[in-house]
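Below is one structure, written out as C-alpha cells; comments come after it.
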Amino acid sequence: MNDIIDLAKKQQKIVIVNTGCANISSVKFAVERLGVQVNVSDDVNVIQKADKVFLPGVGSANAAMASIQQKQLVTSIQGLTQPVLGICLGMQLMVESSEESLTDSTPCLNLILGQVKRMQVGDLRLPHMGWNTVTASSDAPLFKGLDANSYFYFVHSFAVGVSDFTLAKCHYGMDFSAAIHKDNFFGVQFHPERSSDAGAQLLKNFIQL
Amino acid sequence: MLARRIIPCLDVKDGKVVKGVKFRNHEIIGDIVPLAEQYALQGADELVFYDITASSDQRVVDKSWVTRIAQVIDIPFCVAGGIKTVEDAGKILEMGADKISVNSPALADPELITRLHDTYGQQCVVVGIDSFYNEETGKYQVHQYTGDESRTQVTAWQTADWVKEVQQRGAGEIVLNCMNQDGVRQGYDIAQLAAIRTACSVPLIASGGAGEKIHFKDVFEQADVDGALAASVFHKGIIPIPELKTYLREQKIAIRD
C-alpha cells in the first residue's frame, strides 16, 4: 500500500498522548501499520523526549481538557517543540477555546489562534459524518503526495473556521479548517487513522517531517 | 463534497459472519477479520458488525475480534449487539471501534442513549431500528429482539416517533432496518426511508433490500439517505463493490474514489 518509511525515521520515538479519550487504539494501530513503533503515554518525561507527538481525541472538549488538566499535562504540551499532530478533537484542543459546551466556552491549549464553533450548515445533517474532499495548500508537507481532492473521513459537529493558520479546507454547508498549522503544531479535523490510503499517506508525511 | 457511503454489514453469530433471510435461517459466510480486510481493500466506506445473538440470549459475548479488526482495517467501523451499559460501550470503543450501535437495549432503557451521548459524545452513538410495515394497520412498527425469532416482539413505538425520541436523546446516526425487505433483494423500502428522512436531522443509513446496483442509486436519489447498508449482495459476490461505486459515480452520485 505505502512505500516503506526510511529506516532512520522508523527508529524515532513516537508518542501518543494518553488523553483518556476513546480513539487512542485506532491511532496506535494506524501508526503501527506503517511499520513504526509507538508508545501511548501520559508521562511528561516520555512525551517531552519524543520525536513526534500525537494528540488524539474524540468526545467533548470540556471532558478532554479536564482529563489533560487532571493529568497535569497542559503546560508540558504547550511547551513542546517537536512536531505535534492533533487529530479531530485533538486538533480542536489546539486553538484558544471551544464553544462545545451548553453553558459557556471551554478554554483550550491556546497554541493556535482560533475558536471551535458549532457548524452552521442549513438543512444539511449534523454530525458531518463520512468521507469528504479536502483542499490543501499545494506546498504543505503534511499533504505531500496526496491528490488535490483526496477524501478523508470526518465525524464532527463543531469546527474551526478558515484563517491564516488553515492548512487545508473542507466544505460542508460552510468552509472550515480541515487542517491547521502553526510552528511545530499541526491539527487535522478528520481521522487519518480511518481514512484509508490517503490517511496513511498523511500519517507517513507527519512521521517523516 | 460529502460522499454517500456504501456499507457492508457483517452479521456475526458465534464469532462467524452469517446471513439469514428475513432474519432467519442463518448460513455461515466466513471468518470476520479476512472478510473485513477484503471489504476495506475493495473500497467499502465503512463496516458494521452486528452480533445478532447477543441481545436476544443475554450472553456475555467475546468481542476480542474488535481489536483484531481495528488492527487491520483503515476505514471506520461500528459494532452492534448486546451493548447494554456505558461500560459495555466503553470496552468496544477502547478496542478500536469508531462507533457503537444500540437497538433492543435502547428500547428497553431509552436513557441508555443519553448516557452514551454524555460519556462518549454524539459522534459514536448509532441507534439501529428494526421497523416492520404492518399492512393491516398501515403503520410502521418498531420491533425488538429480532436476532432470535422466538423472542422477537412488536414494541409500542411507531417508527417515526422512535426516530424523533432517539435524536432528542443524543443519537448521532440512525440505521433503519426495513424488515419487510430484509434479505429479499427487491430494493430498499424507499417509501419508508423517505418518510423517516423528513423526521431525521442526523445521518440516516438505509438497510434491507439491496439486490441490484440500481437499488443503491434509487435509495440515494429518492430517499436522500447518507449511506446504504447491505449484506448478502456483497457476501455472495452478486455486486462487487468497485463495480457498484463506478456505476454510482456514472449516475452522478457523490462517491469516494
Side-chain angles (χ1 to χ4, degrees), chain A residues 1-2 20-30 32-34 57-64 88-89 100 102 121-134 147 149-158 170-173 190-201 203, chain B residues 1-7 40-41 43-47 66-78 89-100 117-126 167 170-174 197 200-205 224-227 254-257:
Chain A
M1 180 175 71
N2 284 275
C21 294
N23 68 331
I24 288 173
S25 43
S26 315
V27 177
K28 179 171 180 280
F29 295 147
E32 287 174 348
R33 282 196 294 270
L34 299 170
V58 292
S60 74
N62 45 14
C88 195
L89 179 63
E100 191 191 359
L102 295 176
V121 298
D123 293 338
L124 297 176
R125 273 78 78 171
L126 285 178
H128 171 224
M129 188 184 288
W131 299 79
N132 206 331
T133 48
V134 163
D147 293 340
N149 276 307
S150 292
Y151 279 96
F152 290 92
Y153 184 75
F154 290 83
V155 186
H156 61 121
S157 300
F158 291 77
C170 180
H171 186 81
Y172 182 70
F190 50 82
H191 287 272
E193 76 279 15
R194 283 286 176 258
S195 293
S196 194
D197 291 355
Q201 179 67 42
L203 292 173
Chain B
M1 185 181 276
L2 183 67
R4 308 276 179 174
R5 285 175 272 158
I6 302 295
I7 308 171
L41 285 170
D45 296 306
E46 186 170 332
L47 298 174
V66 177
T67 302
R68 303 206 307 278
I69 288 161
Q71 283 168 333
V72 298
I73 72 163
D74 56 8
I75 57 170
F77 71 99
C78 176
K91 280 179 201 154
I92 302 288
L93 294 169
E94 275 164 32
M95 287 189 214
D98 301 278
K99 309 180 207 175
I100 45 90
H117 167 275
D118 292 349
T119 312
Y120 301 111
Q122 187 193 16
Q123 82 292 333
C124 68
V125 182
V126 181
Q167 287 177 92
E173 182 167 77
I174 291 170
R197 172 81 280 172
C200 185
S201 60
V202 299
L204 177 66
I205 308 299
D224 190 22
V225 294
D226 299 275
I255 291 287
R256 176 174 68 106
D257 298 325

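All chains are named by letter (A, B, ...) in the order of the sequence lines, taking the proteins before the strands, and each is independently numbered beginning at 1. Just so it is clear, the values below take in all heavy atoms, side chains as well, and ignore hydrogens, waters and symmetry mates.
With a threshold of 4.5 angstrom between heavy atoms, His191(A) does not approach chain B through any atom at all. Residue Ile92(B) does not touch chain A at all, counting heavy-atom pairs closer than 4.5 Å. Only the side chain of Arg5(B) comes within less than 4.5 Å of a heavy atom in chain A; its backbone stays farther off. For Thr133(A), the parts lying under 4.5 angstrom from a heavy atom of chain B are both the backbone and the side chain. Contact annotation for Ser150(A): neither backbone nor side-chain heavy atoms come within less than 4.5 Å of a heavy atom of chain B. Interface residue Asp98(B): only side-chain heavy atoms are found under 4.5 Å from chain A.
One finds a salt bridge joining Arg125(A) and Asp226(B) here, because a Lys/Arg side-chain nitrogen approaches an Asp/Glu carboxylate oxygen to under 4.0 Å. Look at Asp45(B) and Arg194(A) and you find no salt bridge, because none of the NZ, NE, NH1 or NH2 atoms lies under 4.0 Å from a carboxylate O.
By number of non-hydrogen pairs under 4.5 angstrom with chain A, the leading residue of Ile255(B), Leu41(B), Asp118(B) is Ile255(B). Most heavy-atom pairs under 4.5 Å with chain A, from the set Gly172(B), Cys200(B), Gly121(B): that is Gly172(B). Contact tally against chain A (heavy-atom pairs below 4.5 Å) for Gly227(B), Ala70(B), Pro76(B): the top residue is Pro76(B). Taking Gln122(B), Arg197(B), His117(B) one by one and counting their heavy-atom pairs under 4.5 Å with chain A, the maximum is reached by Arg197(B).
Here the CD atom belonging to Glu46(B) is positioned 4.5 Å from the OH atom belonging to Tyr153(A), to the nearest 0.5 angstrom.
Of the possible donor and acceptor atoms, none in the side chain of Glu173(B) sits under 3.5 Å from a partner among the backbone N and O of Pro203(B). Distance alone, capped at 3.5 Å, is enough to place a donor-acceptor pair between the Arg256(B) side chain and the Ala44(B) backbone. Checking side-chain atoms of Asn132(A) against main-chain N and O of His171(A) turns up a donor-acceptor pair under 3.5 Å.
For the pair Thr67(B)/Phe29(A), a side-chain contact is recorded, criterion being any heavy-atom separation below 4.5 Å from C-beta on.
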